Amino acid sequence: MAIQPNSSYNRRKHIIQQTAFGCFRLLSYGVAALLFFILGFIIVKGIGVINWEFLSQAPSDGMTKGGIWPAIFGTCCLMAGSALFAFPTGVMSGIYMNEYAKDGKLVRFIRMMTNNLSGIPSIVFGLFGMAFFVNWLDFGDSILAGSLTLGLLALPIVIRTTEEAFKDLPDNFREGSLALGATKAQTIWNVLLPMAMPRIITGLILSLGRVSGETAPILFTCAAYFLPKLPDSIFDQCMALPYHLYVVATSGTDIEAQMPIAYGTAFVLILIVLLMNLAANSIRKFFENKLKQK
């Protein structure tokens, strides 16, 4: 005779499960609602100052008039410079850690240090950048020093993402490529890297999303309070949106007149990060579609 399951137990189990799922769903909706509330608050406060003059001119009249074009240009230069440093360096480091380095105490120590590096406060990176890039290497307060400092800030995320992306690839691909006569370098470049690229791009998005809003590193290495013209080279200082936002919101002769500009600056910074993420997602989907076609 078959034993009938306890209906009350199953009902209680179902209620607990539905309650847990409801809590998770409520938390997810709460996070999304908080995000939309923050974005809506910034948009409502800052949309009134967004016009062509605001986007194409330099600040004037003690930061109470004019625009933020030098800060936009400087922010794009810093993000591009940090990506040019962090992306190839991080990808090559991640490939070496997973494909070439033998697992042992040294590799585990490097992984631990990489994880710890990602948790160091950004102001520490700023102090290091000032001491090493600005003073010791004599780059001075420049776009180059700021980009390298922000690149160091982004580097741990790119390294760990690359390493995990290669680690999750099945060994069959490596073995099949080597069996066909390809060298290890050819296997990595032609087989593994294209397959891991979507996840590597995700790591780059996360790293650039972090560095785009950092103020402390650029405060010590490149950011200027006000520059009436665009920088001529990578050895010049530049304005940047995060530092400009901080200056406009906390100092000046007329804080009330400057606050709409501060919200407008925050709105533009969010748009730049959004556009950058959309571009990176397009690149990631390109690689994903290319893999599906193959």
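Note that the structure is predicted; figures quoted are calculated from it, not measured.
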Open item on the list: By the side chain to side chain donor-acceptor pair (under 3.5 Å) test, which pairs, at least two apart or in different chains, include something from residues 170-184?
Closed with: Glu99-Arg174, Asp171-Arg174, Ser177-Thr187, Thr183-Gln186
Open item on the list: Test: side chain to side chain donor-acceptor pair (under 3.5 Å). Region: residues 73-97. Which pairs qualify, not counting sequence neighbours?
Closed with: none
Joint hydrophobic cluster, [X] plus [Y], side-chain heavy atoms closer than 4.5 Å:
X      : Y      : result
Val44  : Ile38  : no
Tyr100 : Leu192 : yes
Ile201 : Leu84  : no
Ile47  : Phe36  : no
Val211 : Leu278 : no

State the [atom1]-[atom2] distance between [X] and [Y], to the nearest 0.5 angstrom.
X      : Y      : atom1 : atom2 : answer
Cys77  : Ile72  : SG    : CD1   : 12.0 Å
Arg12  : Gln17  : CZ    : CD    : 14.0 Å
Thr161 : Leu204 : OG1   : CG    : 9.5 Å
Leu26  : Phe21  : CG    : CZ    : 15.0 Å
Phe267 : Ile261 : CZ    : CD1   : 15.5 Å
Leu78  : Leu208 : CG    : CG    : 11.5 Å

Open item on the list: In the structure I gave you, are the side-chain heavy atoms of Phe132 and Leu148 within less than 4.5 Å of one another anywhere?
Closed with: no
Task: Student check: side-chain heavy atoms of Leu193 and Ile200 closer than 4.5 Å - done: yes
TODO: For side chain to side chain contact (heavy atoms under 4.5 Å, CB included), just list the numbers for Ile272 and Ser212, CA-CA rounded to whole Å, side-chain angles, deciding distance to a tenth of an Å, and then say yes or no.
DONE: CA-CA 9 Å; Ile272 290 176; Ser212 62; over 6 Å; no
Task: Backbone of Met112 reached by a side-chain donor or acceptor of Asn115 within 3.5 Å - done: no
Open item on the list: Tell me every residue that passes salt bridge (charged side-chain N to carboxylate O under 4.0 Å, His left out) with Asp232, counting only those two or more places apart in sequence or in another chain.
Closed with: Lys229
Task: Residue pair Asn98, Thr162: steps toward the side chain to side chain contact (heavy atoms under 4.5 Å, CB included) verdict - done: CA-CA 9 Å; Asn98 191 75; Thr162 302; over 6 Å; no
So, for [X] and [Y], which heavy atoms are closest and what is the spacing to 0.1 Å?
X      : Y      : value
Thr114 : Pro156 : O-CB, 3.6 Å
Gln237 : Leu227 : O-CD1, 3.4 Å
Tyr243 : Ile218 : CB-CD1, 4.2 Å
Ala154 : Ser207 : CB-CB, 3.5 Å
Val158 : Gly203 : CG2-O, 4.5 Å
Phe226 : Met239 : CA-SD, 4.0 Å

TODO: Quick one: do His244 and Val248 satisfy side chain to side chain contact (heavy atoms under 4.5 Å, CB included)? Show the steps, please.
DONE: CA-CA 6 Å; His244 182 70; Val248 170; 3.5 Å; yes
Task: By side chain to side chain contact (heavy atoms under 4.5 Å, CB included) - contacts of Ala145 (at least two apart) - done: Phe133, Val134, Phe139, Ser142, Thr221
Open item on the list: Over 60° means perpendicular and under 30° means parallel, so tell me whether Trp69 and Phe73 are parallel, tilted or perpendicular.
Closed with: tilted
Task: Selection residues 191-203 - residue pairs positive for salt bridge (charged side-chain N to carboxylate O under 4.0 Å, His left out), sequence neighbours left out - done: Asp168-Arg199
- [ ] Any salt bridge (charged side-chain N to carboxylate O under 4.0 Å, His left out) involving residues 110-127? Give me the pairs, sequence neighbours left out, ordered by first then second residue.
- [x] Asp103-Arg111, Arg111-Glu163
Task: Audit row: Arg25, Tyr29, side chain to side chain contact (heavy atoms under 4.5 Å, CB included) steps and yes/no - done: CA-CA 6 Å; Arg25 191 179 300 111; Tyr29 290 156; 3.4 Å; yes
- [ ] Kindly say whether the aromatic ring centers of Phe41 and Tyr263 come within a distance under 6.0 Å.
- [x] yes
Task: Candidate list Leu150, Leu144, Ile143, Thr149, test side chain to side chain contact (heavy atoms under 4.5 Å, CB included), partner Ser147, passing option - done: Ile143
Open item on the list: For Lys167, I'd like to know if atom NZ has over 12 heavy atoms of other residues, nucleotides or ligands within 6.0 Å.
Closed with: yes
